[in-house]
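By convention in this document, chain letters (A, B, ...) are assigned in the order of the sequence lines, proteins followed by strands, and residues within each chain are numbered from 1. Note that these values count all heavy atoms, side chains included, but never hydrogens, waters or copies made by symmetry.
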Amino acid sequence: MSTELPKTYSPKETEDKIYKLWEESGFFSPEGLPSVALAKKGKISEPESFTIIMPPTNANGSLHAGHGLVLTIEDIMTRYKRMRGYKTLWLPGLDHAGFETQVVYEKKLEKEGRSRFQMDRQQLYDEILEFTLNNKKNIEDQTRKMGASCDWLREKFTLDKDIVETVYETFEKMTNDNLVYRGKKIINWCSKHQTSLSDLETNDIEQKDNFYYLQYGPFVIATARPETKFGDKYVVMHPDDERYKSYKDGRKIDLEWINGPITATIIKDKAIDMAFGTGVMTITPWHDSIDFEIAERHGLEKEQIIDFHGKLLPIAGEFAGMSVSKARPLIVEKLKSKGLLVKIDEDYKHAVKKCYKCESVIEPQIKDQWFLKMKTLAEPAIKAIENGDIVFIPEHYKKISLHWLKNILDWNISRQIAWGIPIPAKICVQCDEGIVDTRDKITACPKCGGDIRPETDTFDTWFSSGQWPFASLGYPDSKDYKTFFPTDVMETAGEIIFFWVARMIMFSLYITGKVPFKTVYLHGLVLDAKGQKMSKSRGNVINPLDFTDKYGTDAFRMGLVIGNTPGTSLALAENRIKGYMHFANKIWNVARFVLMNINTNIDPEFNSYNEKQKEYLNELAEIAKEITDDMDNFRFYIASEKIYHYFWHTFADKIIEDQKNSVKNPADKDNTASQQLLGNILLTCLKLLHPFMPFITEEIYSKLPLPQKTLLMIENWP
RNA sequence: GGGCACAUAGCUCAGCUGGUUAGAGCGUCGCAUUCACAUUGCGAAGGUCGGAGGUUCGAGUCCUCCUAUGCCCACCA
């Protein structure tokens with residue numbers, strides 16, 4: 001009754017077939033699981049639930065190696081818990097990814113010689129929607145290729161109607177709780193993308209620039225940005241600075257400036273660093289956040305110098321209409337000719353804020369934007385983390401999160417882009433008041449009675465994805481929310497701990513009163529073979545499907561997980577994956593050997609083993625115990641290595657070699673016991689391997705002579 | 001300026017709460033091979049665990065300092 005396996009294992013022919021088998025089995029859904037079905041019939045008690053919400057994939061391209069890692073680790077956890085009998089749910093999702101997607105789409109437009117600024121807003125939205133929905137299908141297929149055993153029936157998209165509703169309800173509650181405000185504040189403006197950005201969406205890049213010392217009446221001031229100085233009519237110094245004691249606060253001074261004579265006012269403020277430069281500066285409140293704050297403190301006028309396209313305004317006189325970069329040298333030239341340029345320091349190093357997507361210099365601008373007060377939201381999150389209600393893996397992310405939460409600033413949640421969830425509000429055309437209006441009921445400005453227009457800004461995408469754990473489960477009334485929330489594990493990239501993880505914690509505590517997840521598992525980056533970050537511009541981006549095609553998904557998954565400790569980045573060398581393809585081959589051949597030599601059903605209850613065989617089984621039980629312990633403690637990098645090592649160097653190299661004679665010789669007194677020994681060890685190994693290498697193990701399992709079997713994916717964990 | 005992490009074999013990294021001759025994968029070298037598998041087997045070489053000090057019966061593992069590296073946060077004009 002021996003079953004023959006083909007001589008070689010072909011991932012290509014096996015994987016799609018196996019995935020289809022899984023998907024059709026209904027076991028991806030918790031209610032389809034045998035343990036849940038039995039409980040429903042009252043035969044066993046209700047199993048505990050285990051939930052992972054998949055970080056919603058950005059629906060704006062293909063999966064990259066990082067996604068491969070997310071899917072692999074989450075699938076390992078899910079499959080493990082499922083085999084342990086948990087009511088297991090892994091909920092997949094897709095993110096419209098507002099700004100990110102719009103940037104991707106704008107690049108596409110650019111290639112086609114088009115621009116979003118020539119497009120109707122609705123048309124742009126519709127095109128991006130179509131683009132996104134096309135990608136959605138693609139991403140779902142790729143996710144299946146990775147072997148992800150997630151519940152497709154529950155798949156959510158961040159623009160689903162019920163999600164948007166939840167987001168609006170949250171916004172309304174925050175408004176009622178006085179956590180939302182709209183105000184003219186200084187914000188990060190990207191002139192290229194024509195939108196404001198949050199602090200997290202800008203990068204401080206250190207660079208060397210000229211530092212200009214300018215004669216400003218009796219003072220020398222220093223600046224790296226002379227083009228902003230046209231409107232400077234306040235000169236500020238520290239109140240304790242002895243050098244400028246004779247200049248009293250509020251005193252007016254007439255002086256000759258870039259475009260003619262002006263009157264400047266002396267301001268004393270403690271924000272000035274006496275030791276820096278000359279200890280005197282002029283301020284540009286519209287284009288600098290410190291200057292803005294000084295102006296606010298003293299009630300000073302603010303004037304815009306640079307428009308939203310990065311061009312100088314009429315206040316710049318002859319330079320009006322010029323871009324900053326073009327105007328700067330000309331302005332310096334003029335200052336020089338007027339004798340106002342004292343000196344230039346050419347070695348000035350400072351940090352310049354840039355757009356994290358296009359690296360354009362961020363121009364601080366004053367603009368009416370929607371802000372979220374963060375301090376009150378952060379406090380419960382800080383407490384929950386300090387109490388250990390949420391455990392971080394690796395541990396040091398606890399400190400990192402706390403540090404950020406304790407120093408949190410208000411969050412600009414409005415973006416001037418079409419692609420996103422519209423902010424449900426009206427703006428008064430007369431007094432500029434912004435009124436939150438989630439039910440679309442307001443018809444006139446409650447403040448001045450003026451006409452209103454709908455707000456055109458959309459939410460920062462993280463405002464909606466921050467609510468994902470409870471929104472995707474159907475908060476507040478659904479059965480899923482009641483069953484699966486709080487979730488068990490959030491597994492995502494360490495990179496987005498502030499963008500996403502910290503905010504999910506704040507939102508969940510605020511809305512549901514509960515933490516969104518008990519454990520945060522943060523993985524590092526997947527780097528290329530040389531240890532360099534993958535990027536499109538470097539051209540070293542790995543498409544996971546290239547590797548799964550070439551070496552099989554199981555091998556790719558092993559390459560991602562073995563030895564990859566949480567939090568540290570992984571250099572993904574092709575050789576690594578190739579090595580695990582060899583391992584898959586080894587598994588296949590071991591299975592072939594066992595199947596060739598077994599002529600009876602595998603009997604897990606068999607116990608007439610000789611002493612040595614018993615020792616082998618004890619050793620395996622010991623390894624299984626260790627692996628289980630590793631799995632329970634998120635040490636997948638070591639669990640996978642242990643089973644790899646045991647399978648190859650103990651089972652194949654030692655046990656099989658040792659049993660070869662008896663298993664091949666029907667006359668041998670140990671023949672039956674040898675058959676049972678090898679059959680049982682193989683079965684146990686397949687179970688232990690299944691979370692890591694689901695395809696090949698399921699395929700072999702289907703060929704095993706077992707009295708009764710279903711699918712390996714729901715077999716009991718050893 | 002503040003914070004976090006890392007430094008272990010040629011390369012990429014494990015080493016959990018301190019305990020006998022420090023591990024893995026890849027690579028290198030030697031030998032074997034009509035066997036389930038050359039996508040193989042057996043074997044070998046290779047590390048004073050960044051440096052200095054300390055705690056301890058005992059430290060790669062804990063503490064301090066130093067050096068190197070990487071990352072994050074931050075409103076010095």
Side-chain angles (χ1 to χ4, degrees), chain A residues 4-5 7-9 186 199-200 203-204 211-213 221-225 228-229 232 235-236 271-284 287-294 348-351 353 364 394-404 406-409 494-495 497-498 524-525 527 529-531 533 551-552 555 558-559 562-565 567-597 626 629-630 633-635 637-638 641-642 644-645 648-649 652-653 656-657 660-661 663-664 678:
Chain A
E4 287 275 339
L5 286 181
K7 255 197 118 119
T8 53
Y9 172 62
I186 195 145
D199 293 325
L200 290 177
N203 290 325
D204 289 330
F211 199 45
Y212 305 95
Y213 287 79
I221 59 158
T223 182
R225 303 200 57 195
T228 65
K229 297 276 135 194
D232 287 13
V235 59
V236 192
I272 301 299
D273 180 356
M274 288 188 267
F276 185 84
T278 56
V280 184
M281 70 175 196
T282 62
I283 58 168
T284 315
H287 299 289
D288 186 287
S289 55
I290 310 172
D291 296 2
F292 177 82
E293 279 170 24
I294 294 173
Y348 178 62
K349 268 192 217 143
H350 65 152
K353 262 188 203 262
E395 231 175 318
H396 72 262
Y397 274 104
K398 177 176 173 174
K399 284 187 203 168
I400 295 176
S401 312
L402 284 172
H403 186 259
W404 187 74
K406 286 178 179 172
N407 294 292
I408 201 161
L409 298 170
E495 268 188 314
I497 183 155
F498 306 137
L525 295 170
L527 308 172
K530 289 177 201 150
K533 195 168 171 170
Y551 303 109
M558 286 296 263
I562 289 193
N564 185 9
T565 45
T568 45
S569 46
L570 170 81
L572 187 62
E574 188 159 349
N575 248 356
R576 228 180 128 83
I577 300 163
K578 200 169 158 192
Y580 297 118
M581 180 186 74
H582 296 169
F583 180 52
N585 177 67
K586 192 73 187 181
I587 297 172
W588 191 254
N589 277 296
V590 163
R592 276 183 71 208
F593 178 80
V594 172
L595 286 172
M596 272 177 200
N597 291 292
E626 279 178 34
D629 187 53
D630 289 332
N633 290 289
F634 302 94
R635 294 191 293 262
Y637 62 98
I638 195 119
E641 192 178 312
K642 271 181 192 156
Y644 170 90
H645 210 256
W648 200 321
H649 300 297
D653 290 350
I656 289 184
E657 290 306 320
K660 225 167 213 175
N661 290 333
V663 82
K664 281 176 167 257
L678 299 186

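Taking the C1' atom of each, rU12(B) and rU48(B) are spaced 23 Å apart, rounded to whole Å. Taking atom C1' on both rC6(B) and rG46(B), the two are 24 Å apart, rounded to the nearest angstrom. Here, rA9(B) and rC35(B) have their C1' atoms 34 Å apart, quoted to the whole Å. Only the P atoms considered, rG30(B) is 26 Å distant from rC37(B), to the nearest whole Å. Distance check on atom C1': rG23(B) versus rU8(B) gives 10 Å, rounded to whole Å. Straight-line distance between the C1' atoms of rU40(B) and rA5(B): roughly 41 Å, to the nearest whole Å. Between rG1(B) and rC66(B), the distance separating the two P atoms is 14 Å to the nearest Å. Nucleotides rC65(B) and rG2(B) place their P atoms 14 Å apart, quoted to the nearest Å.
Between Tyr213(A) and Phe211(A), the angle of the ring planes goes over 60°, which puts this pair in the perpendicular group of the 30/60° scheme. In this structure, Tyr580(A) and Tyr644(A) have perpendicular ring planes: the angle between them is above 60°, well past the 30° mark.
Under the Watson-Crick or G-U wobble criterion, with both distances below 3.5 Å, rC31(B) is paired with rG41(B). For rC71(B), the paired nucleotide is rG3(B), the pair qualifying as Watson-Crick or G-U wobble because both relevant distances are below 3.5 Å. rU20(B) is unpaired under the Watson-Crick or G-U wobble criterion, no partner having all donor-acceptor distances under 3.5 Å. Of the nucleotides present, none pairs with rG60(B) by Watson-Crick or G-U wobble criteria with both distances under 3.5 Å. For rC65(B), the paired nucleotide is rG51(B), the pair qualifying as Watson-Crick or G-U wobble because both relevant distances are below 3.5 Å.
A salt bridge does not link Glu395(A) to Lys398(A): none of the charged side-chain nitrogens sits closer than 4.0 Å to a carboxylate oxygen. Taking 4.0 Å as the cut-off between side-chain N and carboxylate O, Lys533(A) and Glu495(A) count as a salt-bridged pair. Salt bridge status for Asp288(A) with Arg225(A): absent, with no side-chain N to carboxylate O gap under 4.0 Å.
OP1 or OP2 of rC37(B) has not a single side-chain nitrogen or oxygen of Trp648(A) nearer than 4.0 Å. Listed pair Lys586(A) / rG41(B) meets the phosphate criterion, a side-chain N or O lying under 4.0 Å from OP1 or OP2. Taking 4.0 angstrom as the limit, Tyr580(A) places none of its side-chain polar atoms (N or O) nearer than this to OP1 or OP2 of rC26(B). The side chain of Thr568(A) contributes an N or O atom lying less than 4.0 Å from OP1 or OP2 of rA14(B). At the phosphate of rA36(B), OP1 or OP2 sits under 4.0 Å from a side-chain N or O atom of Lys664(A). Dashed line: the shortest gap from a side-chain N or O of Thr565(A) to OP1 or OP2 of rA14(B) is under 4.0 Å. His649(A) has a side-chain polar atom (N or O) that falls below the 4.0 Å cut-off from OP1 or OP2 of rG25(B). Residue His403(A) has no polar side-chain atom (N or O) positioned under 4.0 Å from OP1 or OP2 of rG2(B).
Heavy atoms of Gly279(A) sit under 4.0 angstrom from at least one base atom. Ile656(A) comes within 4.0 angstrom of a nucleotide base, judged by non-hydrogen atoms across all strands. Residue-level contact check: Asp204(A) touches the bases, meaning some heavy atom is under 4.0 Å from a base atom. Among the atoms of the strands shown, base atoms are found under 4.0 Å from some heavy atom of Ile272(A). Residue contacts shown for Phe292(A) are absent, as no nucleic acid heavy atom lies under 4.0 Å away. Using a 4.0 Å heavy-atom distance criterion, Arg576(A) is classed as making no nucleic acid contact. Using a 4.0 Å heavy-atom distance criterion, Gly563(A) is classed as a sugar-phosphate-only contact.
Looking only at side-chain heavy atoms (C-beta outward), Asn589(A) and Lys586(A) stay at 4.5 Å or farther from each other. Looking only at side-chain heavy atoms (C-beta outward), Ile656(A) and Val590(A) come within less than 4.5 Å of each other.
Listed candidates were rA74(B), rC75(B), rC35(B). Nearest to the side chain of Lys660(A) is rC35(B). Across rC75(B), rA5(B), rU39(B), the shortest atom-to-atom separation from the side chain of His582(A) is found for rU39(B). Comparing rA36(B), rA77(B), rA5(B) by their closest approach to the side chain of His350(A) singles out rA77(B). Of the candidates rU12(B), rC37(B), rA36(B), rU12(B) carries the atom nearest the Ala571(A) side chain, counting heavy atoms from C-beta on. In the set rA36(B), rC4(B), rA77(B), the nucleotide with an atom closest to the side chain of Met596(A) is rA36(B). Each of rC76(B), rC37(B), rC73(B) was ranked by its minimum atom distance to the side chain of Phe498(A); first place goes to rC73(B). Minimum atom distance to the side chain of Asp653(A) is reached by rG41(B), of the listed rA77(B), rA24(B), rG41(B). Residue Asn585(A) places its side chain closer to rU39(B) than to any other of rA77(B), rU39(B), rC4(B).
In this entry the distance linking NE2 of His645(A) with P of rC13(B) reads 20 Å, nearest Å. Residue Met581(A) contributes atom CE, which lies 14 Å from atom C1' of rU40(B) at whole-angstrom precision. Following rounding to the nearest Å, Ile638(A) (CD1) and rG23(B) (P) show an atom-to-atom distance of 14 Å. The interatomic distance linking Tyr9(A) (OH) with rC37(B) (C1') rounds to 16 Å, in whole Å. The separation between Ile290(A) atom CD1 and rG1(B) atom P is 17 Å, rounded to whole Å. The CG-C1' distance, from Leu570(A) to rU12(B), rounds to 9 Å in whole Å. For Lys7(A) and rU40(B), the NZ to C1' distance is 13 Å, given to the nearest whole Å. Nucleotide rC11(B) holds its P atom 17 Å from the CG atom of Leu527(A), rounded to whole Å.
Judged by distance alone, with hydrogens and angles left aside, the side-chain atoms of Asp291(A) form a donor-acceptor pair with the main-chain N or O of Thr284(A) at under 3.5 Å.
Of all heavy-atom pairs between Asp199(A) and Lys353(A), the closest is OD1-NZ, 4.3 Å.
Comparing Ile400(A) and Asn575(A) along RNA chain B, the residue whose closest nucleotide (by nearest heavy atom) sits nearer the 5' end is Ile400(A). Summary of the strand contacts: Phe583(A) and Trp404(A) both lie near RNA chain B, and taking for each the nucleotide with the nearest heavy atom, the more 5' one is attributed to Phe583(A).
At most 12 non-hydrogen atoms from other residues, nucleotides or ligands lie less than 6.0 angstrom from NZ of Lys578(A).
A donor-acceptor contact under 3.5 Å links the side chain of Glu657(A) to the base of rA36(B).
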